[in-house]
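Heads up, the thing below is written out as structure tokens.
If you're wondering where the values come from, they're calculated on a predicted model, not measured in any experiment. Numbering starts at 1 and runs along the sequence shown.
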Amino acid sequence: MEAIVAAMPGTVYKIQSSSTQRFQRLFWAFGPSINGWKYCRPILSLDGTFLLGKYRGTLLIAVGLDANNGLFPLAFGIVESECNESWIWFLRMLHELVPSISSRNDLCIISDRHAGLVRGCREIFPSAAHRHCLRHLRENFKKAVRQMGISDVEFVCQKMYTVGITDDPDLFNQMMVDIIKIKPEIHQWLVDRDLSKWTLLFDGGFRYGVMTTKSSEAFNGILKRARGLPVQALIIAIYYNIVRMFIRRLEIIIAEEHQSNNFFSAFMEGLRMLGLDCVSQLQYIRMDHNLLTALVERWSPQTNSFHLPVGEMSITLQDVALILGLHIDGPALVGHNVVGAGRRWLSWPDCCDDLLGQHPQRDVVYVDPFNPRVSSKFRMGQAQAQTCLPLRWLRWTFYRDSYLDMNELDFWRHLRAYIFLMGTYLLPDTSGCEIHLRFLPLLENLGLFSTYSLGGAVLAHLYRELAEATKPKRANIAGCIHLLQIWCWERLHVGRPTLHVPQQVSLDGLSVGYRWNQQFIRQLPAGSLSSYRDELDGLLDSQVTWEPYTIEIKSQVADIYLSGRIIWLARVPLVAWTRVEWHLPERVLRQFGFVPTVDVHPMEPKFVRVDGRGKSDTYWLVYYLHYIGLWEDKTAHIIEGTPLGEETKHLIQHYLQWFRSWATLYMLRPTSTPPTTYYPRSPSERYMVNRPFFILDLRNKQSLLHLNN
């Protein structure tokens with residue numbers, strides 16, 4: 001131990017021997033851990049594990065969590081067994097030898113309900129919040145439930161665990177009521193354990209959402225796998241290797257810092273020049289497929305809007321600019337035909353070789369850089385035309401451990417590949433494994449590419465995919481689904497997840513979508529399709545955030561997001577190469593703070609949605625010349641509205657009456673000629689239809705639908 005103190009200044013230890021001078025207990029904490037824990041969350045997870053090998057005993061450990069929820073081992077103890085005296089001694093050593101623990105007023109200790117821990121925390125750390133591990137409590141609860149003769153033990157334990165982890169009072173009360181119905185004695189058993197000790201709802205914020213001692217258990221698991229090794233030597237070896245690797249890595253970082261900073265700055269500057277730097281900061285979020293399905297059912301391709309009980313709502317250019325942070329003003333995203341006989345490139349592989357430096361070779365075996373045991377052969381998709389690149393090939397080929405030795409030509413090729421991969425997030429198709437090469441020639445001149453209306457193309461693509469998804473034979477949907485889901489979370493309460501903290505207001509120049517990144521989301525609701533249908537059927541005006549982008553939020557985002565605000569209300573066609581869709585903001589004026597109007601014009605009468613399949617030689621710049629001209633003259637098609645106010649509230653009711661008179665809404669109005677065979681259209685309607693006293697004749701069916709109105 002003295003050798004460790006000499007090697008790691010600041011290390012503390014205490015050896016306790018018996019009256020016969022035989023080893024009894026050892027406590028120690030490494031100096032770097034003591035210094036670092038001051039900057040961690042004020043949480044300590046305590047647990048013990050038995051030792052294996054020649055020398056028996058028990059290892060006690062105190063583990064913290066850093067800001068990334070990473071394990072932060074703080075102190076260790078070797079004792080004869082996990083008894084009351086040993087835990088009290090370990091806690092006393094923590095208090096005396098590690099003053100940074102006792103000096104923190106907001107300290108929270110998480111452990112099981114061992115009598116020694118309960119007594120030691122009460123006597124040695126009286127000002128600390130002592131919380132119990134929910135996993136250990138569940139195991140004790142399971143034993144108690146079995147003793148009470150309950151048959152479905154796992155079902156009851158799941159409700160108990162839900163009570164512990166939820167911060168929703170309604171869900172908490174519902175679960176408690178369910179437990180009381182099963183057996184009141186079970187509920188009393190839980191109440192006797194002090195709800196503030198094991199539930200998140202009554203915790204008071206001390207445990208930072210950490211419900212179990214998983215951190216100390218995880219570290220103990222590492223030690224258990226090292227059977228036969230003296231635990232002291234094992235822990236010292238772990239720390240020695242950590243420190244050695246850290247010092248080596250620090251030397252490398254210092255040596256390469258200048259080059260690395262130059263590369264990273266150049267890479268981010270390239271994305272910033274293209275207006276894609278904020279999109280690169282958006283993380284993957286788990287899709288709520290039931291919510292998306294319920295929304296698609298309410299999408300009207302004739303109006304490019306969702307038909308809801310509160311009126312029409314839609315995703316607009318404003319949402320694209322503020323949620324994704326994309327450039328919406330500029331030329332339409334459509335280019336020239338540059339591949340083919342007599343054109344710039346003879347074939348698409350030639351285009352790839354020029355702009356990316358290579359293309360998939362059928363006879364070459366490519367190795368996954370993330371898992372060298374995985375390998376594969378690739379070929380360019382779409383049969384003989386070879387117009388698509390495999391996504392895995394892109395990811396495997398353009399990943400490198402270090403980009404410091406890259407020349408300028410390779411740098412721009414890697415930047416194009418990265419932007420191309422981002423296209424699978426913004427403009428994905430239903431294949432899920434390939435991306436079309438039509439957009440690659442636009443990346444030859446990145447400065448010119450930055451001027452295109454990428455946001456308009458993303459919205460046009462999503463509109464078209466929503467329209468395709470409404471077809472009965474279509475089983476999936478493409479497009480920027482992240483935009484659709486975040487739009488729903490921003491504007492509707494339905495399916496909105498619970499956040500760790502209130503919504504981020506300080507965006508620091510990032511887009512609004514950043515505040516829905518995975519690290520801010522505590523829990524996604526597990527709603528079913530039928531529940532989402534019912535929620536949308538009964539949607540109230542008070543449950544809609546018509547204007548989520550407040551003045552405060554707009555002041556936090558970058559100027560590029562607001563540069564196209566003049567066309568947020570433009571009634572124009574949106575062009576995404578082979579696709580054109582109409583942007584109709586006059587149908588959703590309430591989303592812009594204006595009075596909804598009944599004087600809306602239908603979509604262009606001659607408008608026909610054209611599919612690009614089988615039209616590889618079509619010159620789309622000429623084919624869509626009319627729509628491109630309307631887009632270029634977009635400032636001449638700005639919709640004007642009347643601001644909302646107290647004196648205009650009656651106009652909203654007038655609008656809703658007009659809207660319900662013609663809209664095909666899920667539960668609002670029956671068709672003019674009801675079908676001879678009646679099919680219930682929602683769970684609530686189906687429930688009423690299946691009642692035995694309900695007579696299914698046409699008269700009663702219409703009465704039911706009138707009642708739902």
Side-chain angles (χ1 to χ4, degrees), residues 68-71 214 218 221-222 225-226 238 241-242 245 248-249 252-253 256 260 263-264 267 271 276 279-287 289 347-407 409-440 443 475-482 517-519:
N68 288 327
N69 286 326
L71 301 185
K214 60 182 180 180
I222 298 174
R225 288 193 291 272
I238 291 174
N241 281 287
I242 290 174
M245 289 189 299
R248 177 57 183 156
R249 182 59 184 161
I252 296 174
I253 290 174
E256 299 179 348
S260 179
F263 168 77
F264 182 76
F267 199 85
L271 293 178
L276 296 174
V279 179
S280 65
Q281 301 299 316
L282 301 181
Q283 297 178 0
Y284 169 78
I285 55 177
R286 186 162 59 89
M287 294 290 100
H289 298 285
S347 63
W348 285 109
D350 294 337
C351 179
C352 288
D353 292 341
D354 192 8
L355 300 182
L356 298 178
Q358 53 188 312
H359 71 274
Q361 303 285 345
R362 294 192 177 188
D363 299 330
V364 176
V365 177
Y366 296 90
V367 179
D368 185 354
F370 308 99
N371 186 358
R373 292 177 297 179
V374 178
S375 61
S376 179
K377 292 183 179 182
F378 298 102
R379 62 180 181 85
M380 299 180 69
Q382 295 296 321
Q384 300 298 324
Q386 297 182 314
T387 56
C388 293
L389 278 181
L391 295 181
R392 281 204 307 166
W393 176 83
L394 270 174
R395 189 166 60 95
W396 291 8
T397 304
F398 290 92
Y399 171 81
R400 298 177 62 174
D401 291 326
S402 175
Y403 296 86
L404 299 178
D405 57 345
M406 186 182 300
N407 57 46
L409 179 60
D410 287 339
F411 168 79
W412 292 112
R413 286 172 172 172
H414 277 72
L415 183 59
R416 290 190 188 100
Y418 181 79
I419 296 170
F420 215 49
L421 281 171
M422 289 178 66
T424 62
Y425 173 84
L426 299 173
L427 298 163
D429 56 25
T430 54
S431 71
C433 61
E434 295 178 335
I435 183 170
H436 202 282
L437 286 166
R438 67 166 64 93
F439 297 105
L440 181 59
L443 296 175
N476 48 25
I477 185 174
C480 190
I481 304 303
H482 287 72
N517 274 1
Q518 193 65 41
Q519 71 263 28

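Tyr399 and Phe370 have tilted rings, their planes meeting at an angle from 30° to 60° on a 0 to 90° scale.
The nearest pair of heavy atoms linking Arg413 to Asp353 is NH2-O, 3.9 Å. Residue Ser280 comes nearest to Tyr418 through the heavy atom pair CB-OH, 3.5 Å, listed as atom of the first residue, atom of the second, then distance. A pairwise comparison of heavy atoms in Cys480 and Pro428 identifies N-CD, 4.1 Å as the closest pair. In terms of heavy-atom proximity, Leu440 sits nearest to Cys352 at CD2-SG, 4.1 Å. Of all heavy-atom pairs spanning Ala417 and Leu356, the tightest one is N-CD2, 4.0 Å. In terms of heavy-atom proximity, Arg379 sits nearest to Pro390 at O-CG, 3.4 Å.
Distance OG/Ser375 to OH/Tyr366: 12.5 Å, rounded to 0.5 Å. The distance from atom CZ of Arg392 to atom CZ of Phe378, rounded to the nearest 0.5 Å, is 4.5 Å.
Between Leu437 and Cys351 the shortest side-chain heavy-atom distance does not fall below 4.5 Å. Residues Met422 and Val279 are in side-chain contact: their nearest non-hydrogen atoms beyond the backbone lie under 4.5 Å apart.
Of the possible polar contacts, one joining the Thr424 side chain to the Leu421 backbone as a donor-acceptor pair under 3.5 Å is found. Panel note: side chain Arg416, backbone Leu355; a donor-acceptor pair is recorded below 3.5 Å.
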